[in-house]
There are 2 protein chains.
Amino acid sequence: MATIYDIAKICNVSTATVSRVLNGSTHPIHPDTRAKILKTANKLNYHPNSIAKSLASGRTQTIALLIPTIANDYYTQIAEAMENELNDAGYIAYLCNTKRSVLRETEYINNLIARRVDGVIFSPTRIKPEDNIKNLENIEELRENGIAIVAFGSRFKDISQVSVNTYKGAYEATSYLISLGHRRIGFIDGLTAGTRSNRRRAYIDALKNSGINVDDALMVRGSLDMDSGYKNGLKLLNTARPPTAIFVVNNLMAIGVLKAAKNMNIKVPEKLSVIGFDDSILSRLIEPSLTVIRQPLEEMGAIASRLLLDELNGTGKIQSIELEPSLVERESCSEV
Amino acid sequence: MATIYDIAKICNVSTATVSRVLNGSTHPIHPDTRAKILKTANKLNYHPNSIAKSLASGRTQTIALLIPTIANDYYTQIAEAMENELNDAGYIAYLCNTKRSVLRETEYINNLIARRVDGVIFSPTRIKPEDNIKNLENIEELRENGIAIVAFGSRFKDISQVSVNTYKGAYEATSYLISLGHRRIGFIDGLTAGTRSNRRRAYIDALKNSGINVDDALMVRGSLDMDSGYKNGLKLLNTARPPTAIFVVNNLMAIGVLKAAKNMNIKVPEKLSVIGFDDSILSRLIEPSLTVIRQPLEEMGAIASRLLLDELNGTGKIQSIELEPSLVERESCSEV
DNA sequence: ATCAAATAGGTAACCGGTTACCTACGGGTA
DNA sequence: TACCCGTAGGTAACCGGTTACCTATTTGAT
């Protein structure tokens with residue numbers, strides 16, 4: 001493969017001159033020399049070696065996307081928006097699938113530090129209570145090594161982040177069901193551990209503020225997949241006093257609940273209202289279509305990327321941006 | 001950031017020794033020296049510089065995934081399987097979203113050559129007839145620069161690839177509809193241009209081999225999204241002699257057809273049979289659930305990665321692997 | 001006692017660029 | 001004539017590792 005040395009030799013100039021021409025430096029260069037060098041580079045099918053460039057410059061023009069999965073609309077939409085922004089700015093993204101394992105996150109982060117990525121966009125896994133400590137260690141490790149970070153979906157001190165006010169979204173979801181007259185409202189939470197769950201707190205607060213008493217039997221936790229929604233749906237509906245509405249913290253599980261209701265011959269929305277979280281093509285396609293709390297995913301992805309790029313450009317500083325979720329009314333909820 | 005020079009100085013040894021210890025070389029090292037070096041590396045929170053390593057070794061342990069989109073179950077499933085295999089082998093993947101633009105593919109490929117990726121997994125865009133020439137140029141450019149390639153979804157000479165026998169799948173889909181007694185069978189093709197479409201040829205062959213005459217009015221082309229399926233569905237169904245069955249070359253468009261039928265109060269499968277291509281969570285969730293020709297996506301992803309890894313390891317050679325699609329019967333087809 | 005082999009480590013060129021600093025020359029000006 | 005400045009280009013250190021080749025000591029066998 002051709003190098004600037006080859007070009008320099010052929011053109012009878014130094015590598016400095018070649019480098020200047022090839023990088024459009026402001027250093028004055030004779031037009032003839034420039035032309036000769038460009039022609040030779042072209043003839044040799046020269047491709048600059050980014051590795052060598054990175055070693056010399058200390059920048060890799062690479063950022064890493066650390067996300068829990070890509071087989072999921074939610075992350076896919078965010079990731080696509082991110083890749084888009086980053087690519088426009090001349091960066092290429094590493095795809096790092098953490099599979100919701102903090103251990104994998106740590107492994108990846110060490111690898112990424114070694115690779116000297118310029119920045120990291122990170123959706124940290126927070127399933128077990130002790131995960132939070134590891135998250136902080138991972139973030140600290142990145143920061144110590146001078147790597148820019150933007151987190152999303154989580155909240156940490158002293159780093160840029162973009163999140164959605166899930167408390168508000170969950171409060172709105174619950175309030176919406178209450179406003180439709182529901183009093184026994186089931187809740188299917190995600191993986192986040194107990195009291196640290198924003199959505200759970202919002203659900204409870206909304207009930208309390210409406211004077212509805214909170215029944216532990218109506219609160220369950222699932223693993224975010226459809227099957228888990230199905231099983232938890234059956235569990236909630238198969239009780240002595242089943243709920244008339246269920247608030248589910250993600251889409252796939254909400255669809256699982258619809259399937260459970262159908263299986264039990266419970267009509268939605270006539271006999272059961274279901275509200276989901278996140279919007280995706282699924283919630284529009286399913287019948288009845290799902291009423292959901294929508295998170296602005298593309299916006300999250302684009303903003304996360306821009307925060308990172310601003311930081312890398314020296315413009316912009318660390319900031320935390322919180323976006324608002326919104327209620328999307330479709331067919332799966334009705335008055336009691 | 002600590003370097004091996006720092007460690008060498010502190011330990012009073014040369015960088016060669018540090019490098020040997022840190023890389024588990026077979027060169028003999030005194031246990032005390034080894035221990036001292038490891039301890040110092042740890043104390044300095046040393047992270048090896050992969051950039052420098054790559055420059056010296058000529059390998060980056062990086063491969064690129066060049067795919068048309070990630071906001072699509074099809075590529076997402078393949079990409080997840082790929083990332084998995086590659087990561088197990090110590091590689092990190094670049095996520096390159098080509099957005100079905102050959103120009104972007106070319107841009108990416110030049111960037112990837114500059115970055116000296118070890119390999120590329122590539123799903124080339126083939127929409128316009130002239131795209132094929134560009135594809136070949138791109139592939140040639142990669143090969144000239146010593147970058148391993150695996151293509152999927154397309155067929156080229158002299159490179160490894162994994163594909164699905166879409167002709168067979170389409171033939172099977174059409175034959176299945178014929179076996180249910182259908183004689184007027186609509187066809188909604190994808191972006192691939194006219195006669196180069198395997199699935200179109202298979203559809204026509206299956207009809208001819210059953211003595212059914214081919215009606216151009218029943219063949220249309222869509223842009224792979226749901227809306228396009230909806231519009232094409234309406235178009236086919238709003239004719240003087242509408243089809244009693246429709247074969248659609250992807251999932252989203254098939255779902256669009258279901259919506260169109262519903263909108264026109266045409267019962268599926270009683271009055272209209274619909275068969276899709278690709279399997280995804282959507283086809284299971286939709287009602288009626290879609291009968292489809294399933295492509296083994298995870299398998300494709302895993303095999304593509306393994307072909308590439310084998311090539312990079314020097315084991316294994318260029319080979320073309322064709323996987324078989326299979327019919328998954330669900331609710332959207334019935335006898336005429 | 002001699003010498004080959006094993007052990008432990010060092011030297012420095014190399015990977016392919018970037019860039020601070022230096023040289024050389026011609027023209028304009030006081 | 002002396003000096004300054006702009007133009008054009010070169011020199012070589014540097015980024016952080018790897019590794020072929022070399023040296024020096026110790027061990028074991030003959």
Side-chain angles (χ1 to χ4, degrees), chain A residues 1-38 40-41 44-62 110-118 145-146, chain B residues 1-38 40-41 44-62 110-118 145-146:
Chain A
M1 234 165 150
T3 68
I4 54 169
Y5 292 91
D6 302 328
I7 298 174
K9 188 171 286 177
I10 291 175
C11 296
N12 259 316
V13 295
S14 71
T15 59
T17 304
V18 177
S19 175
R20 283 171 188 139
V21 169
L22 261 23
N23 292 292
S25 134
T26 57
H27 196 95
I29 301 280
H30 193 93
D32 292 354
T33 309
R34 177 188 307 280
K36 190 163 55 167
I37 287 172
L38 289 175
T40 307
L44 296 182
N45 195 19
Y46 171 76
H47 288 274
N49 186 328
S50 301
I51 304 294
K53 249 182 225 208
S54 294
L55 185 57
S57 70
R59 302 208 40 173
T60 53
Q61 299 295 111
T62 304
N110 281 314
N111 197 337
L112 296 170
I113 292 171
R115 285 165 183 257
R116 303 298 193 263
V117 295
D118 294 334
N145 287 286
Chain B
M1 234 167 148
T3 70
I4 55 168
Y5 291 90
D6 301 327
I7 298 174
K9 187 171 287 178
I10 291 174
C11 296
N12 260 316
V13 295
S14 71
T15 60
T17 304
V18 176
S19 176
R20 283 170 187 139
V21 168
L22 261 24
N23 291 293
S25 134
T26 57
H27 196 95
I29 301 281
H30 193 94
D32 293 353
T33 308
R34 176 187 307 278
K36 190 164 52 170
I37 289 172
L38 289 175
T40 306
L44 297 182
N45 195 19
Y46 171 76
H47 288 274
N49 186 327
S50 301
I51 304 294
K53 247 181 226 209
S54 293
L55 185 58
S57 70
R59 302 207 42 173
T60 53
Q61 299 296 111
T62 304
N110 281 317
N111 197 337
L112 296 171
I113 291 171
R115 284 166 185 257
R116 302 298 193 266
V117 294
D118 294 334
N145 287 285

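Computed from a predicted model, the values in this text were never measured in an experiment. Values below: every heavy atom of this structure, side chains too, minus hydrogens, waters and symmetry copies. Below, read A as the first sequence line, B as the second, and so on, with proteins coming before strands; counting in each chain starts at 1.
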With a non-hydrogen cut-off below 4.0 angstrom, is A/Val13 in contact with a base, only sugar-phosphate, or nothing?
sugar-phosphate
Remember a base hit wins even if backbone is also touched, and classify B/Ile4 as base, sugar-phosphate or nothing at under 4.0 Å, heavy atoms.
base
Using a 3.5 Å distance criterion without hydrogens, assess whether the side chain of A/Ser50 forms a donor-acceptor pair with backbone atoms of B/Ala114.
yes
Is there a donor-acceptor pair closer than 3.5 Å between any side-chain N or O of A/Thr60 and the backbone N or O of A/Arg116?
yes
Partners passing side-chain contact (heavy atoms from CB on, under 4.5 Å) against B/Asn145 (at least two apart in sequence or in another chain)
A/Met1, A/Asn45, A/His47, B/Ile113, B/Glu141
Roughly, in whole Å, what's the span from [atom1] in [X] to [atom2] in [N]?
X        : N      : atom1 : atom2 : result
A/Ile51  : C/dT18 : CD1   : P     : 13 Å
B/Arg59  : D/dT18 : CZ    : C1'   : 15 Å
B/Asn12  : C/dT11 : CG    : C1'   : 16 Å
A/Met1   : C/dG16 : CE    : P     : 10 Å
B/Asn145 : C/dG16 : CG    : P     : 13 Å
B/Ile29  : D/dT18 : CD1   : P     : 13 Å
A/His30  : D/dT7  : NE2   : P     : 13 Å
A/Lys53  : C/dG17 : NZ    : C1'   : 8 Å

Ranking D/dT7, C/dG17, D/dG16 by distance to the side chain of A/Pro28, first place goes to D/dT7
What nucleotide, of C/dC15, D/dG17, C/dG10, holds the atom closest to the side chain of B/Asn49?
D/dG17
Run the side-chain hydrogen bond (donor to acceptor under 3.5 Å, both in side chains) test against [X] and tell me which residues pass, sequence neighbours left out.
X       : value
B/Thr15 : none
A/Thr33 : none
B/Asn49 : none
B/Arg59 : B/Tyr91

Does any residue of residues 110-118 of chain A have a heavy atom under 4.0 Å from DNA chain C, and if so, which ones, in number order?
none
I need the B/Ile37 CD1 to B/Asn12 CG distance, nearest 0.5 Å.
10.5 Å
If only side-chain N and O atoms of [X] are considered, is one of them under 4.0 Å from the OP1 or OP2 phosphate oxygen of [N]?
X       : N      : value
B/Thr33 : C/dA8  : no
A/Tyr5  : C/dC14 : no
A/Thr3  : C/dG16 : no

All N/O donor-acceptor pairs, side-chain side in residues 17-31 of chain A, below 3.5 Å, sequence neighbours left out:
{"residue": "A/Thr17", "atom": "OG1", "partner": "A/Ser14", "partner atom": "OG", "Å": "3.4"}
{"residue": "A/Ser19", "atom": "OG", "partner": "A/Asn23", "partner atom": "ND2", "Å": "3.4"}
{"residue": "A/Asn23", "atom": "OD1", "partner": "A/Lys53", "partner atom": "NZ", "Å": "3.3"}
{"residue": "A/Asn23", "atom": "ND2", "partner": "A/Ser19", "partner atom": "O", "Å": "2.8"}
{"residue": "A/Ser25", "atom": "OG", "partner": "A/His27", "partner atom": "N", "Å": "2.8"}

At how many degrees, to 10°, do the end axes of the helix from C/dA1-D/dT30 to C/dA30-D/dT1 meet when each uses five pairs?
60°
Minimum-distance pair of heavy atoms, taken over all atoms of B/Arg115 and A/Thr62
NH1-OG1, 2.8 Å
Which heavy atom of B/Tyr46 sits nearest to which heavy atom of B/Ile4, and what is that distance?
OH-CG2, 3.4 Å
If a pair satisfies salt bridge (Lys or Arg N to Asp or Glu O under 4.0 Å) and one of its residues is in residues 3-17 of chain A, list it, with sequence neighbours excluded.
none
Considering only nitrogen or oxygen atoms on both sides, find all protein atoms under 3.5 Å from nucleotides 19-28 of chain D and state each distance.
{"residue": "D/dA20", "atom": "N6", "partner": "B/Arg20", "partner atom": "NH2", "Å": "3.3"}

